[in-house]
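The structure presented is a predicted model; accordingly, all values stated were derived computationally and were not measured. This chain uses plain numbering: 1 for the first residue, then up along the sequence. Just follow the structure's listing: the first ligand is 1, and inside any ligand the first atom is 1.
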Amino acid sequence: MGINGAGTAERDAQRVWDALDGFRIEVPSWGFANTGTRFGKFVQAGAATTIEEKFSDAAQVNALTGASPTVALHVLWDLPGGKADVPAIQGLEKKYGVKSGSINPNLFQNAEYKYGSIANPSAEIRGNALAHLLDSVEIGRALGSKDVSLWIADGSNYPGTQSIRKRIGWMEEVLGAMHAALGEDQRMLVEYKPFEPAFYHTDIADWGMALELARRCGPKAKVLVDTGHHYQGTNIEQIVAWLLHVGELGGFHFNDRKYADDDLTLGSIDPYQVFRIFHEILSVSAEERSGVAFMIDQSHNLKGKMEAMVQTVATAQELYAKAALVDRAKLAELQQDCRLVEAEECFRSAFWQDVRPLVQQWRVARGLPTEPLKALAESGYVEKISRERGSRNASSVSSYA
Ligand code: RM4
Ligand code: MN
Ligand code: MN
């Protein structure tokens with residue numbers, strides 16, 4: 001390899017190291033708990049049954065990957081006592097060395113939300129939904145966590161059964177009131193989803209609706225892109241580019257899918273799509289990028305919870321490293337001159353490059369295990385938690401998390 005070759009190798013290593021040093025992705029507490037399909041729940045002996053076990057698992061993932069120092073919490077599942085549970089959570093943060101990340105209100109589980117929460121025709125039910133949102137803001141403030149992340153499951157199943165427009169107005173009112181309660185450093189992230197659990201109309205169905213609502217709420221409201229919440233074939237990186245352009249991208253829920261909101265592990269079906277999304281993110285300045293929160297939103301029914309989560313974070317690191325290898329200056333020239341095949345090859349050659357040796361070198365330099373999945377297997381952690389939690393899980397009854 002000539003001087004040029006060596007120079008390229010050094011440049012690549014630098015790009016990968018810089019990217020990985022700045023890469024953080026939040027794990028979801030619910031990804032460690034038993035989940036299933038709408039037909040049944042599959043119990044795993046090692047699944048987390050308490051919030052303490054979820055923190056313990058999250059800490060393991062962080063120790064193995066060095067990239068997940070925060071864990072997303074779902075209010076009803078993780079803080080059933082509301083704000084009163086905050087000191088216990090703070091105790092767990094200290095004990096396990098991982099912090100609370102985004103706070104996720106739950107406006108989809110209670111029976112009263114059958115016809116909607118913040119878009120329910122009943123003012124009383126909308127009031128209850130707002131109260132829960134305000135509690136969530138308080139919890140976030142008390143935990144020093146930046147984002148309250150909203151997924152609104154509202155919608156209807158049959159044409160003509162609800163006024164779509166009235167429901168827009170109701171949502172604006174409730175979300176506006178929530179925005180007004182946010183502290184200086186807090187944000188609210190508005191997630192969208194075109195279907196499920198409602199099948200005719202979802203009140204916040206796509207990024208346009210989420211963006212408009214966020215804008216009407218105010219500057220602390222941003223859009224959250226869950227990669228599983230689009231129709232087949234949607235160009236997600238284009239949505240990302242637009243949201244970055246208008247300064248309204250708050251963050252991601254990463255997962256992969258083949259057909260619907262499958263919540264499969266990131267990159268398992270289409271790693272090139274994750275690469276393309278990361279490329280858009282890396283194409284903006286570090287400052288513009290700093291407001292974009294990376295979060296995982298997956299539930300693993302068949303794979304082991306711990307293995308799946310470690311695999312996800314490690315895959316995210318590899319795909320981010322690949323995206324960092326795109327020679328963006330050269331690509332810009334080729335795009336400008338419409339040298340299409342060369343531009344495409346410039347872009348794709350980064351994707352084809354095997355970055356695993358570089359990522360491994362980075363792991364060693366940062367005192368992390370060279371191969372996180374292998375280190376997990378060798379640690380005996382999964383066997384240990386399976387022994388400790390096995391009997392509790394065997395008698396577990398159905399609940400989503
Ligand atoms: C939804 C959505 C939310 C998540 C719930 C459990 O489909 O992705 O973000 O909190 O699932
Ligand atoms: Mn989500
Ligand atoms: Mn989802």
Legend entry - Test: Lys384 and Glu388 ion pair at under 4.0 Å: yes
Inset, instruction - Please determine if Trp77 has a nitrogen or oxygen closer than 3.5 Å to a nitrogen or oxygen of ligand 1. - result: no
Legend entry - With His279 via ring-ring contact (aromatic ring centres under 6.0 Å, His included) - residues at least two apart: Phe347
Inset, instruction - State whether Glu53 and Arg392 are salt-bridged, where the test is any N-O pair (Lys NZ or Arg NE/NH1/NH2 against Asp/Glu carboxylate O) under 4.0 Å. - result: yes
Inset, instruction - Measure from the side-chain N and O atoms of Asn120 to the backbone N and O of Ile125, and report whether any donor-acceptor pair falls under 3.5 Å. - result: no
Legend entry - Residue part near ligand 1, for Glu196, under 4.0 Å between non-hydrogen atoms: neither
Legend entry - Distance flag, aromatic centroids of Tyr192 and Trp151, threshold under 6.0 Å: no
Inset, instruction - Using the six-membered ring of Phe351, assess whether NZ or CZ of Lys322 lies under 6.0 Å from its centre and within 45 degrees of the ring axis. - result: yes
Legend entry - Donor-acceptor contact present, side-chain Asp206 to main-chain Met209, <3.5 Å: yes
Inset, instruction - Could you tell me which atoms of ligand 1, counted from 1 in the order shown, lie closer than 4.0 angstrom to a heavy atom of Asp226? - result: 8 (O)
Inset, instruction - Run the numbers for me: atoms of ligand 1, each under 4.0 Å from some heavy atom of His229, listed by number. - result: 2 (C), 7 (O), 8 (O)
Inset, instruction - Kindly state whether the ring of Phe278 and the ring of Phe252 have centres lying under 6.0 angstrom apart. - result: no
Legend entry - Part of Asp261 within contact of ligand 1 (heavy atoms, under 4.0 Å): side chain
Inset, instruction - Using distance alone, decide if ligand 1 has a nitrogen or oxygen within less than 3.5 Å of any nitrogen or oxygen in Trp30. - result: no
Legend entry - Donor-acceptor contact below 3.5 Å, side chain Thr315 vs main chain Gln311: yes
Inset, instruction - Check ligand 1 against Asp297 and write out every atom of the ligand that is under 4.0 Å from a heavy-atom position of the residue. - result: 2 (C), 3 (C), 4 (C), 8 (O), 9 (O)
Inset, instruction - Assess the pair Phe23 and Phe294: is the distance between their ring centroids shorter than 6.0 Å? - result: yes
Inset, instruction - Ignoring angles and geometry beyond distance, decide whether Trp151 reaches within less than 3.5 Å of ligand 1 through its nitrogen or oxygen atoms. - result: no
Legend entry - Centroid-centroid distance, Phe108 to His74, less than 6.0 Å: yes
Legend entry - Distance filter under 2.8 Å, centred on the Mn ion (ligand 3) - protein N, O or S atoms that pass it: His229 NE2, Asp261 OD2
Legend entry - For His253, the ligand 1 atoms whose distance to one of its heavy atoms is below 4.0 Å: 9 (O)
Inset, instruction - May I ask you to list the atoms of ligand 1 that are less than 4.0 angstrom from any heavy atom of His74? - result: 10 (O)
Legend entry - Nitrogen or oxygen atoms of Glu191 and ligand 1 under 3.5 Å apart: yes
